[in-house]
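Take a look at the structure set out below.
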Amino acid sequence: MRTEHGNVAPVLLAKGDGPGELRADVPYQMAMILSRVYPHVPEGRIAVVARRCDEKAIAELSKRDIVDRDRIALIGLACTKEQVAECRCRDPCPETVDLGECSDPVVEDPVVEKVRSMPPEARLAFWTDQFRKCNKCYGCTVNCPVCFCDDCLLEDKTFTVEKGIPPGMAFHVIRSMHLADKCVECGECERSCPVDIPLLALRKMANDDMKELFGYTAGDADRKSPLLTTLEGDPIKEGDVDAC
Amino acid sequence: MPADFVLTTCPYCGTGCNFFLQVVDGRVVGVVPCKTDETSGGSLCIKGYNAHAFVGHPDRLTEPMVRRGEQLAKASWDEALDRIVAEVKRISSEHGPDSVMVLASAKCTNEENYLFQKLARVAIGTNNVDHCARLCHASTVSGLLQSFGSGAMTNTIPEFENADCVLVTGSNTLEAHPLIGARILKAKEKCAKVIVVDPRETPLSRIATLSLCQTPGTDVAWVNGMINVIVSEELHDEEFVNGRTSGFDKLKEVVKKYTPDVVEETTGIPADDLVRAARMYAEADGAMIAYAMGITQHSNGTNLVRTLANLAMVTGNVGRECTGVNPLRGQCNVQGACDAGALPNLYPGYQSVEDADIKSKFEKAWGGELSGAKGMTLTCAFNKALTGEVKAMIVFGENPMLSDPDIGHVEAAIQKLDFLAVVDIFPTETAKLADVVLPAACYAEKDGTFTATDRAIRVVRRAVDPPGEARADWQIACELARRLGCQGFDFKSPAEVLAEIGAVAPLYGGIDRDRVDSEVVRWPCPSKNHAGTRVLHEGSFKMGRGAFAVVDHTPPAEEPSDDFPFVLTTGRNLFHFHTGTMTRRSAKLQRESPEPYVEINAEDAERLGIADGASVRVTSRRGAITVVARVTRWIDKGTIFIPFHYAEGAANRLTNNALDPIAQIPEFKVCAASLEHA
Ligand code: SF4
Ligand code: SF4
Ligand code: SF4
């Protein structure tokens, strides 16, 4: 990232380019920027300034062969205390820290706590109220580092009819399910949302379920998603399933 | 570099969001929001996210064409330009320069619009220059000019977020200006009261604090009704009224008869709701009014705008942060096109062409004699084309064959012209009828500035080259003027043009390209060391005292009848923009809203036996179209709505071109129609 025209812009530099006024204080999701640039750089290595969330997102992308991990060098950036607070981030420290110093995670998320304390009807009402603000900008999808399907399910007429806004509940529920084993809690969806729907809180709650049910957290470079592997294991024996 | 991110301004609505165009190998491949942009705050709407999609479309015009017999055939730039110049010269020498009309464009930059009007005024010698602001906010410009002395949005977009009350009327903000709508929702989250007055339910009205639904065409009545309540409950701001305005006594007299009960009868708004709305608005510390075409596009549009100005002044809601009267301008640069003087009665910076001193100032600056008679409006020009007074038109980037009321009439007018030249990026419905068509560069292929609805000057940066032989409109305008033998068009860059605008228009006096490159400046900005102006009319009005207008309710030009029992109102939806030349060529936007439709109330539909998705024929006194029915509860009984984006089901075949007498804006929002199974 660097200063351009009084703003901060993502930037890709080649050998010999002048760096300009580089900075690291604005939360561009660099894994998302990388996945936009990657298909257009057919060879060579790309170094990415990566926060912990970028690092995890890149792990998810490389597990799915969307990027080749060997072609990517990470420059680990530790977020400042203020940024960590702003992102309500519970996992802020990259594996190797090249820039900055690690800060403590934010353990409790007030939005999550608030929603969890509600009875089910109130929770539904809360989310319905929030989702009614949605104006279907697709910002939560476009800017998400791990949303990468060529044909987005949210654009499928079966699930979200094309009759204007707000889109139905299915829009958000499908998105939530579709990210169940990928979301790295970078918070970019929530930051991109023009109407402040607390999407990160929704993601955290779904991710907690994932952890509880399958013991899995996205962003783990070494483990495959359990959703892809549950059909492995021992062959079915007589009596395992209802006989006819 | 394999990927560049070029910061530029959105080509769609007047909000003026900035974003990065991602450029790879000379092609734009995507859009990335700009996190630090003041206006967008790093968010965009679906149109913004897809603003790259039409740029490289195969339908783009890439070569000049001239008519040979029935056909438009490829030609060289020289031939095409010379043809325009020869025809303009011939027609203007035979019939006088006022037989030529130039249509400027709210999609072009400030610099280009400045050149279009200069071309008309200096090179051709006529004040006949206008653009589609005539169709959207002409009544704002005239109405607010008369009430406040300045015809622009009084406050800024970011302020919506901190208002205590926002009154939205005639604006489907979440769809037409999504990021302004989003700010209004943020205000609501902070406990602001949001009042929406609209004949349709809109996504915003469904989450508003209070939503009122009026019969189309009865707006003066409910605004006067609110003032009636405010005055009779003594909620008005005595100090402001006495100290800063004139004409209050007369206003007081007039609104007397608009008691909530009377208003209920006229508008259908329940008396209690009206009283609540009036109190909410008047009791707030800072209350903002936002409105759009639902107010302006009426045959009494100017007066309607003035009643809203009355409401704001009565409560002292002008000249402070988070208050004001805020017209939301529809196109990326409709504000700038007006600022730059693409209006038949005003030079750049809203200076009257009929004022002799101003005229001589411009004659000196431009080095040529100017006409002292104000020119023709766009709506008037089509009428005059029919009668043969207008013989030639040069159209820059407009598509009147879809955007103007009563298309049948426009088509007949165009057929009667001796000569039509169209400069555009796509083969529009209008271009198909032209004698010469020139291929233009789109926003991603040129430099310049747009002025957003809140007067912020936003920079447009060239990201890629124009396709084929296409050229930027500013280059085309300069070349035409030079070939017409005119001096003063030797600009090497848009930056030089902007400098000239600053020199002749005091509003832009302190604006130059270097400054706005890294700073968001809002006009008026009279000098280089002036910071620009966020809130207009602080301390005093531009014209001294604010003028209350006395306005009475009058029925719309056309009311429903037995043959045409429905009130038809038109507008746009979230996914498309105006005549759809750009959005309908963007796959994702087209997917969201692929075909023309009419919204009809569920009860009306049931009575007529029309099911959702059925094909229906909608007819008015001017024409008929066939569209798909969308049965909904979001629209009042007796009212139907058709978006105007679709050529194959063009709402403007039906609309009425009854004009506001002052602003000459047509009544797009009300006409009588019938509906039946197709
Ligand atoms: S937090 Fe949002 S943007 Fe980030 S990975 Fe999860 S779903 Fe995607
Ligand atoms: S970012 Fe927000 S408004 Fe946009 S689609 Fe997602 S939830 Fe809806
Ligand atoms: S709100 Fe308007 S300016 Fe902003 S992205 Fe959408 S269309 Fe473009």
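These numbers come from a predicted model, not from an experiment. All values below were derived from every heavy atom in this structure, side-chain atoms included, with hydrogens, water molecules and symmetry-related copies excluded.
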Separation between [atom1] of [X] and [atom2] of [Y], rounded to the nearest 0.5 Å:
| X | Y | atom1 | atom2 | value |
| --- | --- | --- | --- | --- |
| A:E4 | B:T36 | CD | OG1 | 10.0 Å |
| A:I165 | B:C45 | CD1 | SG | 9.5 Å |
| B:L179 | A:N135 | CG | CG | 7.5 Å |

Less than 4.5 Å apart, side chain to side chain, heavy atoms only: is that true for [X] and [Y]?
| X | Y | value |
| --- | --- | --- |
| A:I33 | B:F5 | yes |
| A:R36 | B:V32 | yes |
| B:P33 | A:Y28 | no |
| A:T141 | B:Y49 | no |

Option from B:I46, B:L44, B:N50 for which side-chain contact (heavy atoms from CB on, under 4.5 Å) with A:Y138 holds: B:I46
Closest non-hydrogen atoms of B:S518 and A:G6, given as atom of the first, atom of the second and distance, are CB-N, 3.6 Å
Closest non-hydrogen atom pair, B:S43 against A:C193: OG-C, 3.9 Å
Got a sec: does the [atom1] of [X] have more than 12 other heavy atoms crowding it under 6.0 Å?
| X | atom1 | answer |
| --- | --- | --- |
| B:E189 | CD | yes |
| A:E113 | CD | yes |
| B:K193 | NZ | no |
| B:R633 | CZ | no |
| A:H178 | NE2 | no |

Where on [X] is there a heavy atom nearer than 4.5 Å to chain A: the side chain, the backbone, both, or neither?
| X | value |
| --- | --- |
| B:R461 | side chain |
| B:E38 | neither |
| B:V29 | side chain |

Sort by residue number and list every member of residues 124-133 of chain A having a non-hydrogen atom under 4.5 Å from chain B. A:Q130, A:R132, A:K133
With chain B as the partner chain, list the residues of residues 75-84 of chain A whose heavy atoms fall under 4.5 Å from it, by residue number, and write 'none' if nothing qualifies. none
For B:K190, what residues pass the side-chain hydrogen bond (donor to acceptor under 3.5 Å, both in side chains) criterion, not counting sequence neighbours? B:N162
Hey, which residues of residues 171-178 of chain B are touching chain A, say heavy atoms under 4.5 Å apart? B:L174, B:E175, B:P178
Check each atom of A:V8 against the heavy atoms of chain B and say whether the ones under 4.5 Å are side chain, backbone, both or neither. both
Go through it in stages, so that I can follow the logic: the residues are A:H40 and B:Q22, the test is side chain to side chain contact (heavy atoms under 4.5 Å, CB included), and I'd like the CA-CA distance, side-chain angles, deciding distance and then a yes or no. CA-CA 11 Å; A:H40 306 294; B:Q22 185 185 354; 4.0 Å; yes
